Amino acid sequence: MGERNWTVVVPVKRLESAKSRLRGALGGVPHELLALALAEDTVGAVLACPPVRELLVVTDDPDATRVLGRLGARITPEPPESGLNPAFGRGAALVADGWVAALTADLPALRPVELAEALRAAETGPSGVRRFVADAPGTGTVLLTAPPGVPLDPRFGPRSAAAHAASGAVPLTPAWPTLRRDVDTPADLLAATTLGLGRHTAELTRRSAPAGADR
């Protein structure tokens, strides 16, 4: 306890195809800039989290590679198979020892203290057990953890919280509002704004308020 013993894996899709339901959420802001800003604020929070030893970003996007690598992430290319789960698997396979966490790249309000609390909670749970944190609606997953020597076995996708539970992973249930607030839609972005966005996403929302916000 108290050591930097976590590796966090964050996949980032090609920016032009990432977060498709957010397209047009900020009028006048190129979609690729918004997708990158979400990832930048997520990565920044992870790198500021005391238990994290290393951050692996799985991406083939050249802009994400350049920007997130400059922030301090280790970049590894996407595997031949497409999708979140193969990307998480690629990152986890590179971890020689220690705890592994799979985290989505769309958490622009994430506070390092909440992520640290979740990682520490995973460490103090039953030995040899994977743990996960559901998203704000409770159906998706924002964080999946695995102890040393236990396969990550990610099940991200529709109704992933139920899929992870069915696979034997145990939910972590504290509130952690900024950790649970992933952003898939303009309404999600507005909800994240009320929690306090990270610097990069906040800068874009200053140019153009999220759809549904009072102007």
Side-chain angles (χ1 to χ4, degrees), residues 6-26 29-49 52-95 100-112 115 118-119 132-133 135 140-146 152 154-158 160 178-186 188-189 192 197-205:
W6 282 88
T7 298
V8 178
V9 179
V10 176
V12 178
K13 292 175 65 175
R14 289 263 179 181
L15 298 176
E16 65 270 15
S17 59
K19 312 308 301 178
S20 59
R21 286 189 286 166
L22 274 177
R23 194 170 296 279
L26 296 178
V29 174
H31 179 72
E32 292 80 3
L33 287 184
L34 177 56
L36 180 57
L38 299 178
E40 285 181 273
D41 287 328
T42 303
V43 163
V46 174
L47 291 171
C49 181
V52 175
R53 175 178 62 191
E54 183 177 40
L55 170 59
L56 285 171
V57 169
V58 183
T59 188
D60 281 338
D61 187 272
D63 289 334
T65 295
R66 174 178 52 82
V67 171
L68 302 180
R70 189 171 59 206
L71 289 178
R74 175 184 171 192
I75 308 297
T76 188
E78 293 182 15
E81 308 91 337
S82 63
L84 272 180
N85 293 317
F88 280 127
R90 163 63 68 88
L94 297 176
V95 181
V100 180
L103 186 73
T104 59
D106 56 355
L107 305 170
L110 179 61
R111 298 293 176 264
L115 178 59
L119 298 179
F132 73 94
V133 176
D135 61 9
T141 304
V142 292
L143 177 72
L144 173 68
T145 70
L152 184 62
R155 308 290 181 96
F156 287 81
S160 62
T178 72
L179 173 59
R180 295 182 186 273
R181 182 67 279 164
D182 59 344
V183 172
D184 291 318
T185 67
D188 295 339
L189 181 57
L197 295 170
R199 178 170 64 90
H200 303 282
T201 311
E203 174 60 31
L204 295 185
T205 63

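Numbers here are sequence positions counted from 1. What you see is a predicted model, and the numbers here were worked out from it, not measured in a lab.
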Rounded to the nearest 0.5 Å, how far does OG1 of Thr42 lie from CG of Leu71? 11.0 Å

I'd like to know whether Leu38 forms a side chain to side chain contact (heavy atoms under 4.5 Å, CB included) with Leu22, so could you lay out the CA-CA distance, the side-chain angles of the two residues, the decisive distance to 0.1 Å, and finally the verdict. CA-CA 11 Å; Leu38 299 178; Leu22 274 177; 3.7 Å; yes

Heavy atoms of Ala105 and Val12 approach each other most closely as CB-CG2, 4.0 Å

Atom CG of Leu179 and atom OG1 of Thr104: how far apart are they, to the nearest 0.5 Å? 8.0 Å

Thr201 side chain to Asp41 side chain, donor-acceptor N/O pair below 3.5 angstrom: yes

Consider side chain to side chain contact (heavy atoms under 4.5 Å, CB included). Of Leu94, Leu55, Val9, which one does Arg74 pass it with? Leu94

Given the rule in the side chain to side chain contact (heavy atoms under 4.5 Å, CB included) test, do Leu115 and Leu107 qualify, once you have shown the distances and angles that lead to the verdict? CA-CA 11 Å; Leu115 178 59; Leu107 305 170; over 6 Å; no

If you compare all heavy atoms of Val183 against all heavy atoms of Ala192, which two are closest, and at what distance to 0.1 Å? CG2-CB, 3.9 Å

For the atom pair CZ (Arg181) and CZ (Arg111), what is the distance rounded to the nearest 0.5 Å? 14.0 Å

For the residue pair Glu16 and His31, what are the closest heavy atoms and their distance? O-CD2, 4.3 Å

Under the side-chain contact (heavy atoms from CB on, under 4.5 Å) rule, collect the residues that match up with Val52, sequence neighbours excluded. Val8, Val46, Cys49, Leu119

Using modelled atom types and a 3.5 Å cut-off, is there a donor and acceptor pairing between side-chain atoms of Arg180 and backbone atoms of Val142? no

Rounded to the nearest 0.5 Å, what's the gap from CG on Leu34 to CG on Leu204? Could you check? 6.0 Å

Applying salt bridge (Lys or Arg N to Asp or Glu O under 4.0 Å), can you list everything that pairs with Arg53, at least two apart in sequence or on another chain? Asp97

Checking the side chain of Ser20 only, and the main-chain atoms of Ser17 only, is there a donor and an acceptor separated by less than 3.5 Å? no

Show the numbers, then the answer: is there a side chain to side chain contact (heavy atoms under 4.5 Å, CB included) between Asp188 and Arg21? CA-CA 10 Å; Asp188 295 339; Arg21 286 189 286 166; 6.0 Å; no

Might you point out which heavy atoms bring Ala92 and Leu152 nearest each other, and give the distance in Å? CB-CD2, 4.0 Å

For Lys19, give me all partners under salt bridge (Lys or Arg N to Asp or Glu O under 4.0 Å), at least two apart in sequence or on another chain. Asp106, Asp184

Heavy-atom closest pair (Pro79 atom, Pro86 atom, distance to 0.1 Å) is CG-O, 3.4 Å

Separation between CG (Leu47) and CD (Glu54), nearest 0.5 Å, reads 10.0 Å

State which residues pass side chain to side chain donor-acceptor pair (under 3.5 Å) with Ser160; sequence neighbours excluded, sorted by chain then number. Thr141

If a pair satisfies ring pair (Phe, Tyr, Trp, His ring centres under 6.0 Å) and one of its residues is in residues 59-79, list it, with sequence neighbours excluded. none

Partners passing side-chain contact (heavy atoms from CB on, under 4.5 Å) against Leu84 (at least two apart in sequence or in another chain): Pro11, Phe88, Phe156

Go through the steps for Leu26 and Leu189 under the test side chain to side chain contact (heavy atoms under 4.5 Å, CB included), then give the verdict. CA-CA 10 Å; Leu26 296 178; Leu189 181 57; 4.1 Å; yes

Before you tell me yes or no, could you show the steps for Asp61 and Lys13 under salt bridge (charged side-chain N to carboxylate O under 4.0 Å, His left out), namely the whole-Å CA-CA distance, both residues' side-chain angles and the distance that decides it to 0.1 Å? CA-CA 7 Å; Asp61 187 272; Lys13 292 175 65 175; over 6 Å; no

Heavy atoms only: give me the nearest Ala35-Ala18 pair and the separation to one decimal. CB-CB, 4.2 Å

How long is the straight-line distance from CG of Asp60 back to CD1 of Ile75, given to the nearest 0.5 Å? 10.5 Å

Is it the case that over 12 heavy atoms from other parts of the model lie below 6.0 angstrom from the CZ atom of Arg199? no

With side chains defined as the heavy atoms from C-beta onward, is the minimum distance between Leu68 and Thr59 less than 4.5 Å? no

